[in-house]
Each structure stands twice: as structure tokens, then as C-alpha cells.
Amino acid sequence: MTADRWTDLFSRLLNAYGAQEWWPGDDDPLEIAVGAILTQHCSWRNAERALEGLRDAGALSIEALRDAPDERIHEAIRAAGFYRSKTATLKGFAERVAARYNGRIERLLDRPMRSLRDELLRIRGIGEETADAICLYAAGQASFVIDAYTRRLLERLGWIEGGESYADLRATFMAQLPADAELFNEYHALIVRHAKEHCRARPSCAGCPVDDLCMVPDAPGTGGSL
DNA sequence: AACCAGGAATGTA
DNA sequence: TACATTCATGGT
């Protein structure tokens with residue numbers, strides 16, 4: 001039987017780009033969670049620099065994040081932008097893990113996905129996408145991550161109207177796919193890869209693995225973005 | 001030299 | 001609910 005279109009889309013992307021292996025699982029969960037916060041509306045390249053900054057400052061631990069002066073965190077993560085907000089978010093996260101889980105992030109991440117997600121959402125600076133990224137990539141739990149690329153792709157495929165909420169899109173993916181963290185992990189990463197590499201690099205969209213659709217944002221005139 | 005990057009909170013109508 | 005603004009650095 002032919003797979004449904006949601007599974008088929010995944011297959012085409014995987015076939016085109018191969019496994020992306022974002023945060024494969026042998027990485028430090030704290031680094032992954034911190035990375036998820038740092039990369040908010042900022043390139044992963046700069047988020048990595050900020051991560052390095054924290055490492056160099058000796059601030060890559062729950063205790064250090066909680067106790068370090070704001071200025072020290074500011075310096076460390078400046079490259080990722082929005083450094084004041086992100087410092088507050090990192091501290092809010094660290095304070096919660098310290099206060100409620102004895103500083104052990106695994107205890108937070110081992111909670112059932114729904115309560116984990118709800119708790120992450122209480123932290124100021126952590127919204128739905130970041131909460132899902134932490135659930136999926138740090139905790140290895142099957143929570144689908146929706147981002148601007150995902151929305152744009154579904155719009156251009158004509159699979160959604162365009163006005164759906166984050167919760168709508170997440171629910172749609174999760175209703176159409178088996179609850180498999182490995183699948184969700186690769187799926188989201190592949191959508192990002194497709195948008196960045198294929199769509200941005202090739203204005204003509206020739207050889208697009210996704211129905212000859214490109215996700216170039218508001219391409220002037222033509223450019224293959226529909 | 002505008003525009004984008006693996007967003008979120010807040011304010012206004 | 002639906003938009004607009006703010007936060008901020010770095011690459012193209």
C-alpha cells in the first residue's frame with residue numbers, strides 16, 4: 001500500500017538529504033536544552049558560539065547558570081542575540097531545575113511528556129516551539145516541533161489553509177504519524193534542511209524533492225516559491 | 001544594505 | 001482572536 005502523504009513526505013526528504021542527526025542522543029541533555037533556548041530566532045551557528053561562550057565561562061551547569069551574575073551570562077551568549085532575555089530564560093530554567101529537581105535535569109526530562117511540556121511552558125522565555133524542542137531533542141520524547149519552515153512548507157503544499165495555530169499543526173502531525181521520537185526528530189530536522197539548503201540555494205527549484213515547491217520566503221516576482 | 005536566523009512576551013483593538 | 005512591536009547579534 002502506498003504510504004499516506006505525511007509519511008511519504010518524510011520518505012522523500014530523507015531520501016533526498018539523508019539523516020540529519022540533530023542531537024543524536026548521546027549529547028548532554030543540558031547542552032541540548034540550553035541550545036534550544038539560545039537558538040531562538042538566531043542561526044544555529046551563533047547559538048553554538050554562545051554555547052561555547054558558556055562552556056568557556058564555566059557556566060554550562062544548572063548551578064552555574066543559576067548563580068552566575070547576569071553580566072557573565074550576557075558576555076558568554078552575546079553572539080546569539082537577545083542576550084538579556086535569553087539570560088533570564090536560562091536562569092529561570094536553571095532555578096526551576098535546582099529548586100524542584102535537586103538540580104538534576106534528568107528528573108525533569110524523565111517526566112511524562114505532557115507534564116514535562118506543561119512545566120517547560122511555565123518558564124518565561126520558553127514557548128511552544130522551544131518546549132517541544134526540549135521534549136524531543138533533550139528528553140527524547142515524541143513531541144513534534146513546529147516552526148516557521150514547517151508552516152510555510154505545509155502552506156505551499158496546500159495541505160493547510162494558513163491560519164492554523166501552533167497547536168493545530170502539532171496535533172495534525174502527531175495524529176498522522178506514529179509517536180516515534182526518532183521519526184519526529186528527523187522529520188523536523190529534514191524540513192529545516194530542505195528550507196535552508198535546497199530552497200535558499202536554488203532559486204529555480206529544479207529537482208526539488210517536495211513536489212517542485214520551494215520555501216523561499218516571499219521571493220520577489222518568481223523564484224520558484226509559487 | 002535590507003533581510004533572515006532551528007521565537008516569545010507584551011500590548012492594542 | 002489577530003496583528004504590531006520589542007528584544008539584538010551576525011551572516012548574506
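The sequence lines fix the lettering, A, B, ..., with proteins before strands; numbering per chain opens at 1.
- One finds no side-chain N or O of A/R122 lying less than 4.0 angstrom from the OP1 or OP2 phosphate oxygen of B/dA9.
- Taking side-chain N and O atoms only, A/K196 has a distance below 4.0 Å to OP1 or OP2 of B/dG6.
- Taking the 5.5 Å centre cut-off and the 30° plane limit, the aromatic side chain of A/Y149 is not classed as stacked on B/dG6.
- At a cut-off of 3.5 Å, with distance as the only test, a side-chain donor of A/R49 or A/N46 sits close to an acceptor on the other residue.
- Counting any heavy atom pair closer than 4.0 Å across all strands shown, A/Y83 reaches sugar-phosphate atoms only and no base atom.
- Distance, A/L90 CG to B/dA8 P: 14 Å, rounded to whole Å.
- Of the side-chain N and O atoms in A/S85, none sit less than 4.0 angstrom from OP1 or OP2 of B/dG7.
- Atom CG in A/L169 sits about 19 Å away from atom P in B/dG6, given to the nearest Å.
- Along DNA chain C, the nucleotide nearest A/R49 and the nucleotide nearest A/C42 are compared for position; the residue whose nucleotide lies closer to the 5' end is A/C42.
- Across the protein-nucleic acid pair, A/H41 atom NE2 and C/dG11 atom P stand 16 Å apart, rounded to whole Å.
- A donor-acceptor contact closer than 3.5 angstrom is absent between the side chains of A/D118 and A/S115.
- A/D8 and A/S11 share no donor-acceptor pair across their side chains, judged by distance under 3.5 Å alone.
- Atoms CZ (A/F82) and P (B/dG6) sit 13 Å apart, rounded to a whole Å.
- For A/R170, the side-chain hydrogen bond (donor to acceptor under 3.5 Å, both in side chains) criterion is met by A/D132, A/S143, not counting sequence neighbours.
- Mapping A/S43 and A/A131 onto DNA chain B by nearest heavy atom places A/S43 closer to the 5' end of the strand.
- Stacking of the aromatic ring of A/W44 onto the base of B/dA5 is not found under the criterion of centres within 5.5 Å and planes under 30°.
- Residue contacts for A/G81: at a heavy-atom cut-off of 4.0 Å it reaches a base atom on one of the strands shown.
- Residue contacts shown for A/I126 are limited to sugar-phosphate atoms, with no base heavy atom under 4.0 Å away.
- Taking the six-membered ring for Trp and thresholds of 30 and 60 degrees, A/Y187 and A/F144 have ring planes more than 60 degrees apart, a perpendicular arrangement.
- Atom CD in A/E129 sits about 15 Å away from atom C1' in B/dA9, given to the nearest Å.
- As a whole-Å value, the separation of A/I37 CD1 from C/dT9 P is 19 Å.
- For A/Y166 and C/dA2, the OH to P distance is 18 Å, given to the nearest whole Å.
- Here the side chain of A/R84 is nearest to one of B/dG6, C/dT9, C/dA8, namely C/dA8.
- Nucleotides B/dA1 and C/dA8 are separated by 25 Å at their P atoms, to the nearest Å.
- Distance check: A/I134 CD1 to A/L116 CG gives 8.0 Å after rounding to the nearest 0.5 Å.
- The same atom, P, is picked in B/dG6 and in C/dC7; the two are 22 Å apart, to the nearest Å.
- OP1 or OP2 of B/dT10 has at least one side-chain nitrogen or oxygen of A/R124 nearer than 4.0 Å.
- We find that CG of A/L38 is positioned 18 Å from P of B/dA5, with the value rounded to whole Å.
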